[in-house]
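Here is the structure we will look at.
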2 protein chains.
Amino acid sequence: MKVLIVEDNLELCKNLEEIFSENGFIVDTAHDGEKAIDLLFSSEYDLVILDIMLPKMSGWDVCLNARKAKLRVPILMLTAKDAVSDKIKGLDMGADDYLVKPFDIGELLARSRTLIRRNAWTKSNTIEIKNVRIDTLGKIVRVDDKEVKLSKKEYDILLYLAINRGKIVEREEIIDHVWETGFEMYSNVVDVYINYIREKFKKQGVDDLIETIRGIGYRIRG
Amino acid sequence: MKVLIVEDNLELCKNLEEIFSENGFIVDTAHDGEKAIDLLFSSEYDLVILDIMLPKMSGWDVCLNARKAKLRVPILMLTAKDAVSDKIKGLDMGADDYLVKPFDIGELLARSRTLIRRNAWTKSNTIEIKNVRIDTLGKIVRVDDKEVKLSKKEYDILLYLAINRGKIVEREEIIDHVWETGFEMYSNVVDVYINYIREKFKKQGVDDLIETIRGIGYRIRG
DNA sequence: ATTAAGATATGAAGGTTTTGATAGTCGAGG
DNA sequence: CCTCGACTATCAAAACCTTCATATCTTAAT
């Protein structure tokens, strides 16, 4: 899961980054509205934490621009004021939730997870595709109750394809979600990993899990 | 180094002025918020010591105004209260650190120096320690212009120690900042990397960069 | 000074990630 | 149907990360 934290107070930003990192997120940060927009359009996030008061472009404008561009990423707004009108304005601008500063970290994490979950898949922590089962809590993958041992990157890639099953996933998209930002794109590393994953599944008799979409990327059939 | 001390208690203000002067700082003082703002916009300071309770304009408002105007000078807040909410509020308003009154003079000076130093390398993107130079933009490390090739983890650890130079850094702290969350703590992986880093520097004739603090961790001398 | 206990340094092996080279496959156009 | 060019799969090596075992060093107590 990849989260973008937009907050101009560097200290608070760093704290948030640490907290999200500690909770298993890959974190990017921006300290002003323009940088936020840049990152939003250059990488795909699963969640955005967005302060309202920002240099260069306010959080509201960031939100508005993102929605105009049909970005559907969940946005959680942070506001220093507690006026209800701000809440209404924020939600009206396309935010999915808002939180008043100072806030409780536990609540921030809880709401973040809710947004991500609501946004997409799995309340169940398990994804099943034919006789393949992915336990996302234990990070264990099985074929008919027999474990397929995957390395971290192998697992991350498989999980991402599984979450998006039915959808064609581009290599670049996989890199965006599995690797740190700024990873060299002109590499065949995704292909190599797909090969590794296929080999391991083939040993369990599964040889048609990931299909190649020539010229685009890969897909797991839904 | 130029410091602005904003404190309405004249006695305390004079004491602070003396202490900072004795430690090589050029000192300006202000006794209310408006004067502070005036000085902030008419001179460039390396540090601001800012009391919260002030006549005419509170420390928070001074801080907020300074940040709005894109002043990036490090601000150390002094607060009479010790409530956590004050800390959060202060950091939220753009302060870089805070200290509860009454405070220890040694600690005030130490934190002041840390803030100035942190600000310095943030501005320049370069950290220099003796003949070792870390270019944090290019992520390149050099000894006397000769590059020392470090792997990602090696670089991350060195950078963390360098940012905190002068401070003893525990192994756990390093793991918290360099590894992903949930990393197994009972591993000697940090020791191993310290060894790798030392070996690479030794090849360039640098053999005393990282010192071992027995029972605690490691340190790069500031 | 000697020794024991604990902490750190080092060596080596195993697994993972990444890269680069080569082989194989697909599909559009002739 | 064939060929060419582009795309994908595969192989192998290198670099990197991590673990574990052993050696060495430090400290404190005797």
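Quick note on labels: first sequence line is chain A, next is B, and so on, each numbered from 1. Worth saying up front: this structure is predicted, and the values here are computed from it rather than measured.
Side chain to side chain, E173(A) and Y160(A) meet the donor-acceptor criterion of an N or O pair below 3.5 Å.
Put simply, CD1 on I194(A) is 11 Å from P on dT10(D), counting in whole angstrom units. The distance between atom OH of Y193(B) and atom P of dC16(D), rounded to the nearest whole Å, is 9 Å. Whole-Å rounding puts the N195(A) CG to dT22(C) C1' distance at 14 Å. The interatomic distance linking K153(A) (NZ) with dC16(D) (C1') rounds to 12 Å, in whole Å. Distance R219(B) CZ to dT8(C) C1': 17 Å, rounded to the nearest Å. Between Y186(A) atom OH and dA21(C) atom C1' the separation is 21 Å, expressed in whole Å.
For dT18(D), the base has a donor-acceptor partner in the side chain of Y196(B) [N/O atoms by modelled type, under 3.5 angstrom].
The CD atom of E154(B) sits 8.0 Å away from atom OH of Y196(B), with the distance rounded to the nearest 0.5 Å.
Here the nucleotide nearest the side chain of F183(A), chosen from dT19(D), dT8(D), dT18(C), is dT18(C). Of the candidate nucleotides dT18(C), dG11(C), dT8(C), dG11(C) has the atom nearest to the side chain of E199(B). Candidate nucleotides dC17(D), dT8(C), dT10(D) were compared by shortest atom distance to the side chain of D191(A), and dT10(D) ranks first. Looking at the side chain of W179(B), the nearest of the listed nucleotides dT18(D), dT10(C), dT8(C) is dT18(D). Relative to the side chain of T212(B), the nucleotides dT27(D), dA9(C), dA9(D) differ in distance, and dA9(C) lies closest. For R214(A), the side-chain atoms get nearest to dT25(C) when compared with the rest of dT18(C), dT25(C), dG6(C).
For the residue pair R142(A) and E147(A), the shortest heavy atom distance occurs at CG-CA, 4.1 Å.
Counting any heavy atom pair closer than 4.0 Å across all strands shown, I213(A) reaches sugar-phosphate atoms only and no base atom.
Nearer to the 5' terminus of DNA chain D, by closest-nucleotide assignment, is the contact made by R171(A) (compared with the other of V192(B) and R171(A)).
Checked options R198(A), R221(A), R165(A); the residue passing with E211(A) is R221(A) (criterion: salt bridge (Lys or Arg N to Asp or Glu O under 4.0 Å)).
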